[in-house]
Number of protein chains: 2
Amino acid sequence: MPGWPSQLRVWLLILAQVMVSGSWGGALRQAPCSIGSLLEAAKLLKLKAQLGPDEGKQKFVLETPKGTRAYSPRQMAVGEKVFDVVLSCFKRHGAEVIDTPVFELKETLTGKYGEDSKLIYDLKDQGGELLSLCYDLTVPFARYLAMNELTNIKRYHIAKVYRRDNPAVTRGQYRGFYPCDFDIAGQFDPMIPDAECLEIMCEILRSLQIGDFLVKVNDRRILDGMFAICGVPDSKFRSIYSSGNKLDKVSWEEVKNEMVGEKGLAPEVADHFGDYVQQHGGISLVEQLLQDPELSQNKQALEGLGDLKLLFEYLTLLGIADKISFDLSLARGLDYYTGVIYEAVLLQTPVKAGEEPLGVGSVAAGGRYDGLVGMFDPKGRKVPCVGLSIGVEQIFSIVEQRLEATEEKVRTTETQVLVASAQKKLLEERLKLVSELWNAGIKAELLYKKNPKLLNQLQYCEEAGIPLVAIIGEQELKDGVDVPREDLVEEIKRRTSQPLCIC
Amino acid sequence: MPGWPSQLRVWLLILAQVMVSGSWGGALRQAPCSIGSLLEAAKLLKLKAQLGPDEGKQKFVLETPKGTRAYSPRQMAVGEKVFDVVLSCFKRHGAEVIDTPVFELKETLTGKYGEDSKLIYDLKDQGGELLSLCYDLTVPFARYLAMNELTNIKRYHIAKVYRRDNPAVTRGQYRGFYPCDFDIAGQFDPMIPDAECLEIMCEILRSLQIGDFLVKVNDRRILDGMFAICGVPDSKFRSIYSSGNKLDKVSWEEVKNEMVGEKGLAPEVADHFGDYVQQHGGISLVEQLLQDPELSQNKQALEGLGDLKLLFEYLTLLGIADKISFDLSLARGLDYYTGVIYEAVLLQTPVKAGEEPLGVGSVAAGGRYDGLVGMFDPKGRKVPCVGLSIGVEQIFSIVEQRLEATEEKVRTTETQVLVASAQKKLLEERLKLVSELWNAGIKAELLYKKNPKLLNQLQYCEEAGIPLVAIIGEQELKDGVDVPREDLVEEIKRRTSQPLCIC
């Protein structure tokens with residue numbers, strides 16, 4: 001090893017078990033070393049831990065724009081695990097990825113969101129084009145398809161979008177958030193892509209292990225048919241939809257009172273509507289409604305029910321039918337849906353006993369929108385689309401709350417080894433060693449001090465959860481693994497070859 | 001295998017070599033199968049390939065906002081490889097990650113960018129706060145540090161920022177782009193974090209293999225000292241900086257003419273300035289200037305030179321000193337730099353013989369900004385910072401041009417196997433099999449048709465570069481590997497265990 005002074009040794013200490021209380025999976029199960037200073041450090045750190053983690057560091061940022069937040073390293077580390085699950089599922093299903101700008105021409109977004117259009121952020125007219133921040137990723141996707149004349153793509157897209165509403169920040173809702181969208185565009189045989197979208201939602205929610213879930217399914221055509229049969233006037237569709245949607249939270253009596261009292265629906269119309277909207281079940285409910293004397297006479301409803309029957313057959317083959325509930329009260333607000341719609345809800349959230357369960361509502365949703373691309377195409381050519389969106393913010397909230405409840409330690413870096421020194425005047429050797437490790441692809445750090453104290457270096461490892469420390473020093477260090485300098489890279493690689501679980 | 005009809009078999013065909021001309025690395029070197037229909041498909045596809053890839057699909061999108069672009073799946077696939085290199089380097093150096101919103105309060109950005117402030121996108125006043133889109137990630141980072149009272153962090157951040165300038169789209173410049181920022185905040189011993197920032201720039205540029213590069217280094221204090229010595233009036237600092245910065249493109253005579261003619265500098269001042277600004281070299285130039293009778297008398301310049309000397313010592317230990325050039329003409333425009341500044345340039349771009357080299361200018365840059373956090377702190381507390389930003393758009397342009405030159409095939413999905421059928425009425429079996437593969441973590445697709453033709457299924461594999469196809473059928477298929485249904489998952493895992501190189 002050229003330039004390596006012969007009196008210097010490197011000791012490799014395994015810190016993971018003694019230094020950190022949380023679980024790091026099965027890696028690095030070796031017994032920790034027992035240098036005197038290590039114990040001293042441990043004592044100090046224990047004292048510090050009693051003062052609470054990161055005291056003074058997690059202050060709420062008051063002066064970010066209303067309803068937005070910065071993600072701290074801890075939140076990003078949690079988020080990365082959620083994104084990893086989502087991304088690997090999207091890739092497992094063969095999706096490509098596209099990206100579009102955070103803003104679009106204002107007119108691109110006009111007329112796509114119904115009442116919600118008032119929530120769009122516009123940019124100031126600084127000369128040039130009128131621009132708006134994207135409200136979702138679906139409209140930019142449809143615009144992208146039409147302008148590139150694509151008729152066939154399966155893509156995912158993860159990017160921030162913004163809405164000027166009044167979000168419930170405590171429930172994981174923000175003005176800026178990250179939808180994770182997966183969509184299938186193209187003319188295909190009925191319900192095969194739709195079934196895959198539901199399969200994807202189930203795979204992701206299962207992988208995330210955030211508790212039991214149910215995916216409610218309905219169809220825009222069944223809803224429209226139901227409204228027509230009951231005699232709900234067209235002008236009241238939207239407001240009655242939104243009342244019906246409350247059935248998972250309040251009783252039918254309350255919903256009916258709202259429909260009749262506030263929204264002016266005739267009581268008999270409301271009762272007729274209520275007979276339908278309170279029903280939910282599986283494929284047998286679909287079959288039953290296919291025989292319904294009224295619905296079966298409505299062309300739209302009949303189409304929707306026929307498709308749902310096929311969908312349930314496919315879901316059974318995919319092994320997920322038990323997670324899906326045909327729910328006639330489900331109505332998704334956005335104007336662009338034309339067929340099947342769905343929404344995943346968590347049935348319970350695992351929290352500490354005695355704590356209020358966090359009401360996070362829907363964690364994923366989507367549906368079929370066969371007309372949206374045609375709105376952008378100069379010749380009005382339609383490209384049928386179906387897709388889903390994962391609400392990662394809501395999922396972050398649940399995962400964060402769970403981590404807090406279990407007091408699990410979350411690493412915010414992936415550093416495998418700290419290059420330290422036991423004596424003064426070894427910065428040169430530390431720099432040479434850390435550079436060798438970086439060049440070998442090892443995740444390594446050193447303290448930015450000329451002569452850092454060993455205690456401070458060990459303390460840094462503890463705070464950051466770094467599992468190994470390579471200590472350069474002369475003969476007096478008697479503990480740890482005394483590794484020949486030329487074997488160090490291999491030894492570190494061997495000891496960190498299993499990925500460290502960080503959550 | 002419950003429910004698997006006994007007369008059905010699965011053949012596994014290895015397609016990678018026969019179906020795709022491009023290189024997929026060393027994986028899947030087995031000889032391809034030779035079913036009649038495969039050859040037929042290959043002929044058809046050859047014909048199609050002569051018509052050019054993706055004909056009619058890559059049309060330029062006219063109606064995205066000026067200076068912005070959507071990234072196509074191909075561009076994203078290329079981009080992902082670049083991001084992977086950048087991210088893994090940032091993680092290798094132990095950085096945490098944070099994220100901030102795409103907009104900030106307008107006042108947060110005010111007074112940070114000098115003349116460039118006019119390029120900030122403002123949001124429309126829709127009631128509530130006045131907001132602006134982020135111009136870079138450095139100012140939001142400083143705001144984040146001050147508001148969370150953090151004095152010590154090493155973080156990376158990759159997010160889009162927006163500038164209302166007139167970008168040279170052909171040179172990889174856009175109004176919206178993705179800076180990849182790495183910054184070290186905290187009070188440390190001099191030049192150790194600065195040296196690590198330069199190490200990171202070198203590691204990334206080396207890993208990307210986009211040609212030879214050089215990192216120019218200078219120091220704001222040396223520049224200021226030089227200006228003071230030469231007698232450049234304070235009011236002309238910025239305009240003279242920008243003239244000096246052109247020295248890598250035009251001769252000193254032209255620069256001098258601009259300084260004297262357009263900017264009104266006295267000729268003898270320009271000459272004096274020119275004597276300094278034309279110098280560049282390594283540590284010996286630093287040592288020489290430390291002896292310079294004028295510069296050594298200027299307190300600021302002396303500090304800067306002393307730090308650069310130390311920096312070069314560390315760079316030598318890190319083994320990268322030969323990539324660094326102390327260049328007195330380097331002047332980075334932003335107001336917030338206070339110490340060492342640097343900028344990486346490519347020395348040559350590998351392109352096809354006879355083609356114009358793509359002028360992409362700087363591909364990475366950064367420096368020390370010790371005063372920025374203090375501008376946000378209510379008590380003016382300073383947090384010294386140093387960082388770097390990788391210009392991935394410019395790098396994308398180079399990588400894309402190189403891929404076009406070599407006609408390398410880029411996969412836009414990671415699908416490992418297509419579940420296909422050789423006969424009609426096998427959708428049920430395809431769904432059951434693909435679901436089994438997904439649950440085993442295998443990246444799999446099926447065509448969304450009830451009865452797709454085998455030719456179409458093979459063609460799909462070719463277009464998407466899918467290396468394996470699992471064909472369900474009865475006995476008549478005599479070629480390919482006839483795999484027992486229960487061994488299929490293991491067989492596919494075995495055959496795709498080496499990661500497929502997609503570029």
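So you know, we letter chains A, B, ... as the sequences are listed, proteins then strands, and number each from 1.
Looking at A:Tyr156, the atoms closer than 4.5 Å to chain B (heavy atoms on both sides) all sit in the side chain, from C-beta outward. In this structure, chain B has a heavy atom under 4.5 Å from the side chain of A:Asn439, while its backbone stays farther away. For A:Tyr178, the part sitting under 4.5 Å from any heavy atom of chain B is the side chain, from C-beta outward, and nothing else. A:Ile320 does not touch chain B: none of its heavy atoms, backbone or side chain, sits under 4.5 Å away. Looking at B:Glu203, the atoms closer than 4.5 Å to chain A (heavy atoms on both sides) all sit in the side chain, from C-beta outward. With a 4.5 Å cut-off on non-hydrogen atoms, A:Gln126 touches chain B through its backbone and its side chain both. With a 4.5 Å cut-off on non-hydrogen atoms, A:Lys160 touches chain B through its side chain but not through its backbone.
Ring orientation note: the planes of B:Tyr121 and A:Phe103 are tilted relative to one another, at an angle of 30° to 60°. Aromatic ring orientation, A:Trp438 versus B:His93: tilted (interplanar angle from 30° to 60°).
Of the possible polar contacts, one joining the B:Tyr162 side chain to the A:Val102 backbone as a donor-acceptor pair under 3.5 Å is found.
By the salt bridge (charged side-chain N to carboxylate O under 4.0 Å, His left out) test, B:Lys66 is found to be paired with no residue, residues two or more places apart in sequence or in another chain being considered.
For the residue pair A:Glu196/B:Tyr448, the side-chain donor-acceptor check at 3.5 Å is satisfied.
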